[in-house]
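In what follows, a single structure is set out as structure tokens and then discussed.
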Amino acid sequence: MKCPKCGSENVTIQLIQSGGKTKKHGVGLGGHVNNAARGLTAVCTLGMSNLVWKKSKGSEKTTFKNAKICLCQNCGNSWGVK
């Protein structure tokens with residue numbers, strides 16, 4: 001591969017993260033029932049049950065987009081590769 005600016009073949013290819021997205025999913029009906037039962041139990045036990053029984057929070061998933069970038073070692077020019 002040749003650099004389009006200086007014509008050198010001293011080029012490295014790197015993968016970089018160009019962007020990311022986080023998707024969040026709720027707790028659903030079972031999670032809401034769990035949180036309601038947890039709250040009722042906490043009232044009855046004066047909050048002591050909250051030390052053991054944790055709240056349902058849902059889940060999230062992050063995905064990243066990667067891009068190939070070429071970098072000339074002689075002149076420092078960089079460009080994208082498809």
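No hydrogens, no waters, no symmetry mates; every other heavy atom, side chains included, goes into these values.
- When every heavy atom of V27 is checked against every heavy atom of S56, the shortest pair comes out as CG1-O, 3.4 Å.
- Remark: C72 SG to W79 CH2 distance equals 6.0 Å, nearest 0.5 Å.
- Closest heavy-atom contact between K2 and E9: CE-OE2, 3.2 Å.
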Residues N50, M48; criterion side-chain contact (heavy atoms from CB on, under 4.5 Å); working and verdict: CA-CA 5 Å; N50 286 343; M48 295 302 291; over 6 Å; no

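- Contact detail for V81 and C70: the closest heavy-atom pair is CG2-SG, 3.0 Å.
- Between atom CH2 of residue W53 and atom CG of residue N35 there is a gap of 9.0 Å, rounded to the nearest 0.5 Å.
- Rounding to the nearest 0.5 angstrom, the gap separating the CG atom in N10 from the CG atom in L71 is 9.5 Å.
- How far CE of M1 is from OG1 of T12: 10.5 Å, rounded to the nearest 0.5 Å.
- A donor-acceptor pair is defined here as one N or O able to donate and one able to accept, closer than 3.5 Å; no such pair exists between the side chain of S59 and the backbone of H25.
- Taking CG from N77 and SG from C3, the interatomic distance works out to 4.5 Å, rounded to the nearest 0.5 Å.
- In this structure, L15 and K68 have side chains that are in contact, with non-hydrogen atoms separated by less than 4.5 Å.
- Of the inter-residue distances, the one linking K55 atom NZ with K57 atom NZ reads 8.5 Å to the nearest 0.5 angstrom.
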Starting from the C-alpha separation in whole Å, work towards a yes-or-no answer on side-chain contact (heavy atoms from CB on, under 4.5 Å) for K21 and T62. CA-CA 6 Å; K21 249 187 205 179; T62 304; over 6 Å; no

